[in-house]
Amino acid sequence: MVRLRLDLAYDGTEFSGWARQPGRRTVQGEIEQALGRILRLGEPAQLTVAGRTDAGVHARGQVSHVDVPEGSMAELDGNRGPLGVDERLAALVRRLGGVLPPDVRVHRVSVVSEGFDARFSALFRRYAYRVSDAVGGVDPLRRREVVWHNRPLDDGALDAAAARLIGEHDFAAFCKKREGATTIRELQRLDWVREQDGTLVATVVADAFCHSMVRALVGSLLAAGDGRRPVEWPGEVLGRAVRDSGVHVAPAHGLCLEEVGYPPDAELAARAAATRRVRTPAGSAAVDAALEDE
């Protein structure tokens with residue numbers, strides 16, 4: 001078997017999320033079907049992904065891996081005789097470009113060691129959330145990636161509220177609880193920048209995210225940014241570690257997975273093993289299933 005890393009992007013608007021679902025159009029389903037067709041796989045391809053994005057969420061820097069029989073790569077040779085490894089990988093990218101629908105693209109395919117795991121080897125995931133408070137609404141050409149907030153937002157209040165959430169905490173107040181998975185995460189970065197066109201962009205970086213975490217965090221910050229809540233409120237919600245009915249999950253289409261970071265090749269297997277281990281908060285034996293699901 002050969003392990004392939006796929007670097008890809010997609011517009012999540014018309015997908016029911018990343019994960020394969022019977023009767024629904026998903027990113028995973030489209031790519032697995034395309035790989036099976038191109039490589040003539042006897043068994044369906046089984047993709048493992050860095051972060052299982054929810055319906056409507058986009059990705060610019062998604063990473064996945066798949067194991068395929070070594071012999072299947074010969075399907076890429078065509079009539080020119082056997083190709084080298086790099087030529088085969090380039091041919092696979094071209095073939096995927098011709099088979100996949102235009103709202104999902106595989107930019108690069110590379111051969112990686114068995115120690116690489118797209119999900120468990122990752123050091124961090126970086127998301128961006130884009131929102132506009134422009135009077136009259138969002139630029140219609142960006143309506144699929146920018147959320148309109150119909151109240152003026154204070155940049156300083158957004159950052160002041162965000163600063164209270166940085167660090168390793170129990171983010172239960174901002175996550176949909178999953179059985180057998182802890183909600184403890186290390187939020188490494190959360191800040192806002194207003195771009196020249198007035199769009200506000202939140203950059204959110206963590207070792208991993210639990211389900212709905214980024215959009216719930218953004219939802220709480222928007223309430224502080226427009227004055228409906230004090231800047232201390234998101235931090236107070238975090239400290240209570242229980243879901244708060246006042247936290248509204250921000251719309252999916254403003255969210256984009258921008259980057260997944262990995263350690264050097266020699267450290268990939270060790271990182272994957274460490275991530276799989278039980279993460280135990282003080283006085284707890286909760287198992288961390290390392291779910292990244294936005």
Side-chain angles (χ1 to χ4, degrees), residues 1-8 17-20 27-28 31-32 35 41 43-54 59 61-70 72-73 85 89 106 108-127 166-172 174-190 204-214 241 257-294:
M1 302 294 286
V2 176
R3 178 158 293 187
L4 302 177
R5 167 176 167 165
L6 282 67
D7 290 77
L8 58 136
W18 165 269
R20 185 193 322 105
V27 182
Q28 181 179 13
I31 298 174
E32 289 180 348
L35 286 170
L41 300 175
E43 298 290 333
Q46 299 287 330
L47 283 168
T48 298
V49 72
R52 293 172 294 182
T53 51
D54 208 348
Q62 180 68 281
V63 180
S64 66
H65 79 255
V66 62
D67 294 326
V68 299
E70 186 175 4
S72 68
M73 298 297 288
V85 173
L89 296 174
V106 174
R108 181 171 179 261
V109 180
S110 53
V111 175
V112 291
S113 69
E114 291 183 3
F116 175 83
D117 187 297
R119 180 184 179 192
F120 290 109
S121 294
L123 291 173
F124 67 86
R125 284 94 175 157
R126 176 169 64 87
Y127 281 89
I166 301 296
E168 186 174 74
H169 306 286
D170 185 347
F171 284 93
F174 300 100
C175 294
K176 291 182 180 178
K177 183 68 175 176
R178 296 285 180 92
E179 189 66 31
T182 183
T183 47
I184 290 179
R185 294 290 185 269
E186 181 191 2
L187 187 60
Q188 300 164 0
R189 178 182 173 187
L190 176 53
V204 192
V205 180
D207 55 348
F209 294 94
C210 44
H211 190 211
S212 84
M213 178 174 163
V214 175
L257 176 57
E258 300 283 344
E259 179 188 11
V260 183
Y262 294 94
D265 290 351
E267 301 172 18
L268 288 168
R271 170 62 184 176
T275 304
R276 286 189 175 94
R277 290 193 195 113
V278 175
R279 291 176 65 173
T280 55
S284 171
V287 175
D288 182 7
L291 289 171
E292 317 82 39
D293 196 347
E294 273 298 338

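Both backbone and side-chain heavy atoms feed into the values below; hydrogens, waters and symmetry mates do not.
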Please examine the side chains of [Y] and [X], heavy atoms only from C-beta on, and report whether any two atoms are closer than 4.5 Å.
X: Leu187; Y: Val204; answer: yes
X: Arg3; Y: Met1; answer: no
X: Met73; Y: Val85; answer: no
X: Leu4; Y: Val111; answer: yes
X: Gln62; Y: Val49; answer: yes
X: Cys210; Y: Arg185; answer: yes
X: Glu259; Y: Phe124; answer: yes
X: Met213; Y: Tyr127; answer: no

Would you say the side-chain atoms of His65 pair up with the backbone N or O of Asp117, donor to acceptor, closer than 3.5 Å?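 Side chain of His65 to backbone of Asp117: no pair is present.
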Tell me whether Arg125 contacts the main-chain N or O of Leu257 through its side chain, where contact means a donor paired with an acceptor under 3.5 Å.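 Not at all, since once roles are kept as given, no pair shorter than 3.5 Å links the two residues.
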Can you tell me how the ring of Tyr262 sits relative to the ring of Phe116, calling it parallel under 30°, perpendicular over 60° and tilted otherwise?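 Aromatic pair Tyr262/Phe116 classed tilted.
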Classify the ring geometry of Phe174 against Phe171: parallel below 30°, tilted from 30° to 60°, perpendicular beyond 60°.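 Tilted, since the angle between the ring planes falls between 30° and 60°.
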Which atom names give the shortest non-hydrogen contact between [X] and [Y], and what distance separates them?
X: Gly115; Y: Ala272; answer: O-CB, 4.4 Å
X: Arg271; Y: Ser121; answer: CG-O, 3.0 Å
X: Leu41; Y: Ala45; answer: CD1-CB, 3.9 Å
X: Val106; Y: Val109; answer: CG1-CG2, 3.8 Å
X: Val260; Y: Gly61; answer: CG2-O, 3.6 Å
X: Ala118; Y: Val63; answer: CB-O, 3.8 Å

For Gln46, is the CD atom crowded, meaning more than 12 foreign heavy atoms sit under 6.0 Å from it?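 Check passes, neighbour count above 12.
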So for atom CG, which belongs to Asp67, do other residues, nucleotides or ligands contribute more than 12 heavy atoms lying within a distance under 6.0 Å?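 Result for CG/Asp67: enclosed.
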Applying side chain to side chain contact (heavy atoms under 4.5 Å, CB included) between Cys175 and each of Thr183, Ile184, Asp170, report the one that passes.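 Single pass found, and it is Thr183.
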For Leu8 and Ser64, run side chain to side chain contact (heavy atoms under 4.5 Å, CB included): C-alpha distance rounded to whole Å, both residues' side-chain angles, the deciding distance at 0.1 Å, then the answer. CA-CA 8 Å; Leu8 58 136; Ser64 66; 3.6 Å; yes
Between [atom1] on residue [X] and [atom2] on residue [Y], distance to nearest 0.5 Å:
X: Trp18; Y: Arg20; atom1: CH2; atom2: CZ; result: 9.5 Å
X: Ile31; Y: Leu47; atom1: CD1; atom2: CG; result: 6.0 Å
X: Arg119; Y: Thr275; atom1: CZ; atom2: OG1; result: 10.0 Å
X: Ser110; Y: Asp7; atom1: OG; atom2: CG; result: 6.0 Å
X: Glu43; Y: Ser72; atom1: CD; atom2: OG; result: 12.5 Å
X: Leu268; Y: Leu123; atom1: CG; atom2: CG; result: 8.5 Å

